[in-house]
J.: 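Have a look at this one.
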Amino acid sequence: MTKYIGILTAGGDSPGLNAAIRGVGKAAQGYYDMQMIGFMDGFRGLVDNRTTRLDGGVLSGILTQGGTILGTSRDKPHRMMFAGKKQDMTDVIVENYAANHLDALVCLGGGGTQKNALQLMEKGLNIITLPKTIDNDVGKTDTTFGFDTALGIATEAIDRLHSTAHSHHRIIVVEIMGHRAGWLALGAGIAGGADVILLPEIPYDIENVAEAIRTRVRSGKNFSIVAVAEGALPKDQAVLMRAAEARKAAAVEKKERKSAKKELEMLQAANSSHTVTLSQQLEALTGLESRVTILGHLQRGGTPSAADRLLATRLGTACADLIEQGEFGIMVAARGELAVPVPLQEVAGSKKLVPMDHPWVESARRVGTSFGD
Ligand code: F6P
């Protein structure tokens, strides 16, 4: 019997999504004789039942394309703006899954998508997911596709900033994506030879950052590159932020959770322009001129790297194998050279942050990089 599968991409886009759609689709349809349709714009398209055919030539020529041919959104099934208010749309999703005669639904996404996928699995749908995000913060997988491409872009940016910082004897503070996880800033900071790397996981003291730069000046290096993750925090702010997060996680009543969430949002908003503040503080504390470069969405755009195309194709084709074997309720994780199924219950909520003693951190310290701690 022919199997019918649906596929969608959710959350922030990531280079390699099209390679993954192609990997799943070509293996499922060309190799296993299944039929595959796409849902547009993440879970939103599943609610609206906006579908697109993914047969014939549609999957050809997309391997090298950035973004996602299916479109994406950050809509969550259980809390979606619909008819002017936030509603739980999971029952509509279950209906549309049945109306399309699906045997399985493939969801490509980051940490949030893994949680949403688990909820749909609990509603009885056959769900299988793939891990994508430039943040590399999905647990239970070695890595996620998108990360390698973004790492290359951010590293090249740091390389280019070096020569201008050097010529003008300036500090350049370069902001790299990652609100809660600092993998990208850490990886690009090391690969690009940043002098200071600031991460959400390692709160900094501005005096220590300034002293690292002054030490360089004393040794004749009157320029510095500071790679800072979006979510990096000074120590005092970090204490407040982590306390609010803990309160939100521990809240039993809705009212309590709402107030902790509000407090967290206020702290995040207050920290939103921290890179500019950091640059101004460093200028005042070191006497060097300082400039800010925010890499932003450049890091998510354009052609995926060879490593991401390879990873997305490996995980995508393994996904089709697992559907054929009838394995659901899982994420297809990268483990060394293998692609292994991991139960969604284990994946959901298992955010992978940078451990303080991670080998990358240790290695950076050995070459004299300051974390401002
Ligand atoms: O989750 C991936 C990510 O790129 C984060 O690193 C970044 O903070 C966020 O998305 C930006 O989101 P948006 O594209 O919605 O502005």
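These figures come from a predicted structure and were not determined experimentally. Just follow the structure's listing: the first ligand is 1, and inside any ligand the first atom is 1. All values below come from the heavy atoms of this structure, side chains included, with hydrogens, waters and symmetry mates left out.
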J.: Could you tell me if Arg216 sits above the aromatic ring of Phe223, with its cationic atom closer than 6.0 Å to the ring centre and no more than 45 degrees from the axis?
T.: yes

J.: Any chance NE2 of His358 has more than 12 other-residue heavy atoms, nucleotides or ligands included, within less than 6.0 Å?
T.: yes

J.: List, for ligand 1, each N/O atom that has a protein N/O partner under 3.5 Å away, with both atom names and the distance.
T.:
residue  : atom   : partner : partner atom : Å
ligand 1 : 1 (O)  : Asp135  : OD2          : 3.0
ligand 1 : 4 (O)  : Arg300  : NH1          : 2.9
ligand 1 : 6 (O)  : Asp135  : OD1          : 2.6
ligand 1 : 6 (O)  : Asp135  : OD2          : 3.2
ligand 1 : 6 (O)  : Gly178  : N            : 3.4
ligand 1 : 8 (O)  : His179  : ND1          : 2.8
ligand 1 : 8 (O)  : Glu230  : OE1          : 2.6
ligand 1 : 10 (O) : Arg74   : NH2          : 3.0
ligand 1 : 10 (O) : Arg300  : NH1          : 3.0
ligand 1 : 12 (O) : Arg74   : NH2          : 2.9
ligand 1 : 14 (O) : His297  : NE2          : 2.9
ligand 1 : 14 (O) : Arg300  : NH1          : 2.9
ligand 1 : 14 (O) : Arg300  : NH2          : 2.8
ligand 1 : 15 (O) : Arg74   : NE           : 2.9
ligand 1 : 15 (O) : Arg74   : NH2          : 3.3
ligand 1 : 16 (O) : His297  : NE2          : 3.2

J.: Please determine if Asp137 and Arg180 form a salt bridge, counting it only when a charged side-chain N lies under 4.0 Å from a carboxylate O.
T.: no

J.: Between the side chains of Asn100 and Asn49, is a donor N or O closer than 3.5 angstrom to an acceptor N or O?
T.: yes

J.: Report yes or no: do Trp183 and Val138 belong to one cluster of Ile/Leu/Val/Met/Phe/Trp/Tyr joined by side chain heavy-atom distances under 4.5 Å?
T.: no

J.: Start with the C-alpha distance between Glu245 and Arg242, add both sets of side-chain angles, then the distance that settles salt bridge (charged side-chain N to carboxylate O under 4.0 Å, His left out), and finish with yes or no.
T.: CA-CA 5 Å; Glu245 278 171 0; Arg242 301 301 164 242; 3.1 Å; yes

